[in-house]
Amino acid sequence: QVQLVESGGGLVQAGGSLRLSCVASGRTLSNYHMGWFQQAPGKEREFVALISRLGVSTRYADSVKGRFTISRDNAKNMVYLQMSSLKPEDTAVYYCAASVKYTTSTSANEYDYWGQGTQVTVSS
């Protein structure tokens, strides 16, 4: 199975940018379709973005379209989430997730493996 570790979170002012990274170990990342999810305090884990195994297809939550970009580098076993024009409502723990099967679903249940998460806090 694959192990995932996120990094890159932190405190940023509204309007700022962050790039989250997710490194995979144990299995080759190109075997998996990848997603990013966010979970704010007291809320359920919500879909942010996904990217297909070879990076051909992407999908975004409406709330982040035009502001966030998901990408991957299979040679480095890395997935990224570039976040720009950040808003206080983007504050959450962000999780990287891997799915064996291709999915365009926004459901967290479609993903098989999860990282521990990285905190993103956007101040107003």
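- For residues 42-87, no residue pair satisfies the disulfide bond (SG atoms under 2.5 Å apart) rule, not counting sequence neighbours.
- Residues S124 and P88 share a closest heavy-atom pair of CB-CG, 3.8 Å.
- Ring centroid separation for the pair F47 and Y60 does not come in under the 6.0 Å cut-off.
- With values rounded to the nearest 0.5 angstrom, M83 atom CE is found 8.0 Å from W36 atom CH2.
- To the nearest 0.5 angstrom, R67 atom CZ is 7.0 Å from S85 atom OG.
- Remark: D62 engages K65 in a salt bridge, criterion side-chain N to carboxylate O under 4.0 Å.
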Under 3.5 Å, which donor-acceptor pairs link side chains of residues 15-31 to any protein atom two or more places apart or in another chain?
| from | atom 1 | to | atom 2 | distance (Å) |
| --- | --- | --- | --- | --- |
| N31 | ND2 | T28 | O | 3.4 |

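- Panel note: side chain S57, backbone S52; no donor-acceptor pair is recorded below 3.5 Å.
- Pairing each heavy atom of A92 with each of Q119, the nearest pair is O-NE2, 3.4 Å.
- Put simply, the side chain of N74 reaches to within 4.5 Å of the side chain of R72, judged on heavy atoms.
- Y95 carries R45 over the face of its six-membered ring, with the cationic atom under 6.0 Å from the centre and within 45° of the normal.
- More than 12 non-hydrogen atoms from other residues, nucleotides or ligands lie less than 6.0 angstrom from CD of Q3.
- A heavy-atom distance below 4.5 Å is not found between the side chains of T69 and L81.
- Here the OH atom belonging to Y113 is positioned 9.5 Å from the CG atom belonging to L4, to the nearest 0.5 angstrom.
- Residues V122 and T91 share a closest heavy-atom pair of N-OG1, 2.9 Å.
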For D112 and K101, run salt bridge (Lys or Arg N to Asp or Glu O under 4.0 Å): C-alpha distance rounded to whole Å, both residues' side-chain angles, the deciding distance at 0.1 Å, then the answer.
CA-CA 9 Å; D112 305 294; K101 296 180 180 179; over 6 Å; no
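- In plain terms, the two heavy atoms of W114 and Y111 that are nearest each other are NE1-O, 3.7 Å.
- E6 places a side-chain N or O within donor-acceptor distance of the main-chain N or O of G117, the cut-off being under 3.5 Å.
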